[in-house]
Q: 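Questions regarding the structure given below will be posed in turn.
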Protein chains: 2
Amino acid sequence: MPHSTSSPRLGDLERVVMEQLWEHAGAEGTTVREVHEALAGGRDIAYTTVMTVLDRLAKKDLVSRERDGRAWRYRAAASREALTARTMRMTLDDMDVTDRRAALLHFLDGASTAEIDDLKAALAEVEARHTD
Amino acid sequence: MPHSTSSPRLGDLERVVMEQLWEHAGAEGTTVREVHEALAGGRDIAYTTVMTVLDRLAKKDLVSRERDGRAWRYRAAASREALTARTMRMTLDDMDVTDRRAALLHFLDGASTAEIDDLKAALAEVEARHTD
DNA sequence: AGTTTCTACTACGTCGCGTAGTTACCAGCC
DNA sequence: GGCTGGTAACTACGCGACGTAGTAGAAACT
């Protein structure tokens with residue numbers, strides 16, 4: 001058995017497809033055809049390939065789908081930001097870090113000032129949320 | 001081509017082996033034999049399997065090795081915390097997040113109070129470092 | 001010299017993912 | 001009502017990563 005982690009790892013094509021879902025993110029969802037057409041502009045890819053990928057993403061619960069007549073409409077189950085956060089969290093949890101502060105410190109070491117500001121803003125926001 | 005990310009993803013056994021290196025982390029390093037003996041207590045595993053894994057980890061630059069007579073002594077190239085941080089960073093970078101603040105906010109959503117404190121401590125530490 | 005110890009190389013099975021074909025269904029058109 | 005086009009469902013193949021390990025050969029101990 002290769003991997004125990006249930007980490008939502010994305011392959012390259014899976015990522016590209018998710019991009020599409022994120023970009024055309026509306027409440028309506030996106031069909032295979034729409035995704036395929038969007039991708040077919042930039043690369044040579046078969047319709048069924050897109051179908052397969054969307055199917056796999058659905059099985060991983062990274063996208064949800066609802067019937068629309070005969071077809072399916074796919075929607076990203078989580079925003080790009082939420083998925084990113086989830087993946088980061090899983091890393092932190094899976095790695096079984098004892099000294100979390102040290103890990104976070106290392107993380108900040110690689111951060112730009114802008115990113116640190118983003119983090120402080122986010123931090124302030126959760127704080128505020130807890131207070132009110 | 002399956003993956004573009006040069007993310008240092010660990011398999012299950014690779015992780016277990018890294019644990020050993022981290023636990024017996026001294027300046028001296030650890031031999032294959034030592035790792036094997038440590039693991040052989042809990043599971044049925046061949047000496048050569050451990051060797052192969054260590055070899056692959058070395059090729060991924062996750063461990064370094066120095067000769068010790070005929071044998072090699074392996075050392076984790078990065079601490080568990082540093083590797084964790086690096087992986088988290090790669091996730092954040094690879095996901096091409098536009099709204100980093102939102103991503104970090106999501107991340108904090110899943111955090112315990114203790115973790116938030118750890119983060120604040122780490123943040124204070126980088127701040128201090130920049131100031132002095 | 002024979003036995004042990006360690007490396008180096010090769011190998012095999014499984015799984016994830018990129019990639020796609022084939023088959024079959026259903027809805028509308030001529 | 002059979003043909004056509006769009007969809008889905010299922011199957012498949014190649015490749016790389018990883019768990020797993022065997023074998024060959026060098027080196028060292030006895």
Side-chain angles (χ1 to χ4, degrees), chain A residues 1-21 29-40 42-74 83 87 90 94, chain B residues 1-21 28-40 42-74 87 90 94:
Chain A
M1 232 150 260
H3 279 269
S4 65
T5 72
S6 58
S7 159
R9 184 154 189 83
L10 294 181
D12 289 343
L13 181 55
E14 290 177 329
R15 171 93 45 91
V16 171
V17 169
M18 287 300 289
E19 305 278 353
Q20 286 305 315
L21 297 192
T30 315
T31 62
V32 175
R33 174 135 313 267
E34 283 160 358
V35 174
H36 178 242
E37 269 163 11
L39 296 188
R43 62 195 291 170
D44 188 22
I45 189 158
Y47 178 89
T48 50
T49 300
V50 177
M51 241 183 46
T52 303
V53 169
L54 278 167
D55 210 56
R56 287 179 183 161
L57 288 172
K59 278 189 185 115
K60 295 193 223 177
D61 286 320
L62 288 173
V63 309
S64 61
R65 56 184 203 176
E66 320 159 356
R67 278 285 175 193
D68 177 18
R70 240 162 0 107
W72 293 99
R73 300 202 79 91
Y74 291 84
L83 183 58
T87 306
M90 273 176 174
D94 283 355
Chain B
M1 230 151 263
H3 280 269
S4 65
T5 72
S6 58
S7 159
R9 185 153 187 83
L10 294 182
D12 290 343
L13 181 54
E14 289 177 329
R15 170 91 46 89
V16 171
V17 168
M18 288 300 289
E19 304 278 354
Q20 286 305 315
L21 298 191
E28 349 78 43
T30 314
T31 62
V32 175
R33 174 136 313 268
E34 284 161 354
V35 173
H36 177 241
E37 270 164 11
L39 295 188
R43 61 196 290 174
D44 188 23
I45 189 159
Y47 179 90
T48 49
T49 300
V50 176
M51 239 183 49
T52 304
V53 169
L54 278 167
D55 210 57
R56 285 179 184 161
L57 288 172
K59 278 189 186 115
K60 294 193 223 175
D61 285 320
L62 289 173
V63 309
S64 62
R65 56 183 203 176
E66 320 159 356
R67 279 283 176 194
D68 176 19
R70 223 155 25 97
W72 293 100
R73 301 202 76 93
Y74 291 84
T87 306
M90 274 177 174
D94 284 354

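Below, chains carry the letters A, B, ... as their sequence lines are ordered, and counting in each starts from 1.
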Q: In whole Å, what is the span from the NE2 atom of A/H36 to the C1' atom of C/dG21?
A: 14 Å
Q: Under the salt bridge (Lys or Arg N to Asp or Glu O under 4.0 Å) rule, collect the residues that match up with B/R33, sequence neighbours excluded.
A: B/E37
Q: Could you check how far CD of A/E14 sits from P of C/dC17, rounded to whole Å?
A: 5 Å
Q: OP1 or OP2 of D/dA21 sitting under 4.0 Å from any side-chain N/O of B/T49?
A: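 For D/dA21, OP1 or OP2 has a side-chain N or O of B/T49 closer than 4.0 Å.
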Q: Check side chain to side chain contact (heavy atoms under 4.5 Å, CB included) between B/R43 and all other residues, then give those that pass, not counting sequence neighbours.
A: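 Residues passing side chain to side chain contact (heavy atoms under 4.5 Å, CB included) with B/R43: B/L13, B/V16, B/I45.
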Q: Using salt bridge (Lys or Arg N to Asp or Glu O under 4.0 Å) as the criterion, list what pairs up with A/R73, not counting sequence neighbours.
A: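 Partners of A/R73 by the salt bridge (Lys or Arg N to Asp or Glu O under 4.0 Å) criterion, ordered by chain and then number, come out as A/E34, A/D68.
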Q: Side chains of B/V63 and B/V17: closer than 4.5 Å at any heavy-atom pair?
A: no
Q: Nearest whole angstrom, please: distance from the C1' of D/dA21 to the CG of B/L13.
A: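 So the CG-C1' distance, B/L13 to D/dA21, works out to 12 Å.
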Q: Could you tell me whether the side chain of A/Q20 reaches within less than 4.5 Å of the side chain of A/T30, counting heavy atoms only?
A: no
Q: At under 4.0 Å, does any side-chain N or O of A/K60 touch on OP1 or OP2 of C/dC17?
A: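 Yes.
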Q: Need to verify one output field. Residue with the more 5' nearest nucleotide on DNA chain C, B/R56 or B/R33?
A: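 The residue closer to the strand's 5' end, by nearest nucleotide, is B/R33.
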Q: Please produce a list of atom pairs where a protein N or O lies less than 3.5 Å from an N or O of nucleotides 22-27 of chain D.
A:
from, atom 1, to, atom 2, distance (Å)
D/dG22, N7, B/T48, OG1, 3.3

Q: What contact category does A/Y47 fall into here, base, sugar-phosphate, or nothing, at under 4.0 angstrom with non-hydrogen atoms?
A: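 Here A/Y47 touches the backbone only, sparing every base.
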Q: Please give, in whole Å, the distance from D/dA9 P to A/L54 CG?
A: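 Result: 12 Å.
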Q: Starting at NZ of A/K59 and ending at P of D/dC10, how long is that distance when rounded to a whole Å?
A: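 Spelled out: NZ on A/K59 to P on D/dC10 is 8 Å.
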Q: Could you list the residues that satisfy side-chain hydrogen bond (donor to acceptor under 3.5 Å, both in side chains) with B/E19, not counting sequence neighbours?
A: B/R80
Q: Between A/I45 (CD1) and C/dT19 (C1'), how many Å, whole number?
A: 8 Å
Q: Who are the side-chain hydrogen bond (donor to acceptor under 3.5 Å, both in side chains) partners of A/R65, not counting sequence neighbours?
A: A/D55, A/Y74
Q: Quickly work out the B/L57 CG to D/dT20 P distance and round it to whole Å.
A: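 Atom CG in B/L57 sits about 13 Å away from atom P in D/dT20.
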Q: Hey, does the side chain of B/W72 come within less than 4.0 Å of C/dT5's phosphate (OP1/OP2), counting only N and O?
A: no
Q: Return the value, rounded to whole Å, for the distance between atom CD of B/E66 and atom P of C/dC6.
A: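 Between P of C/dC6 and CD of B/E66: 17 Å.
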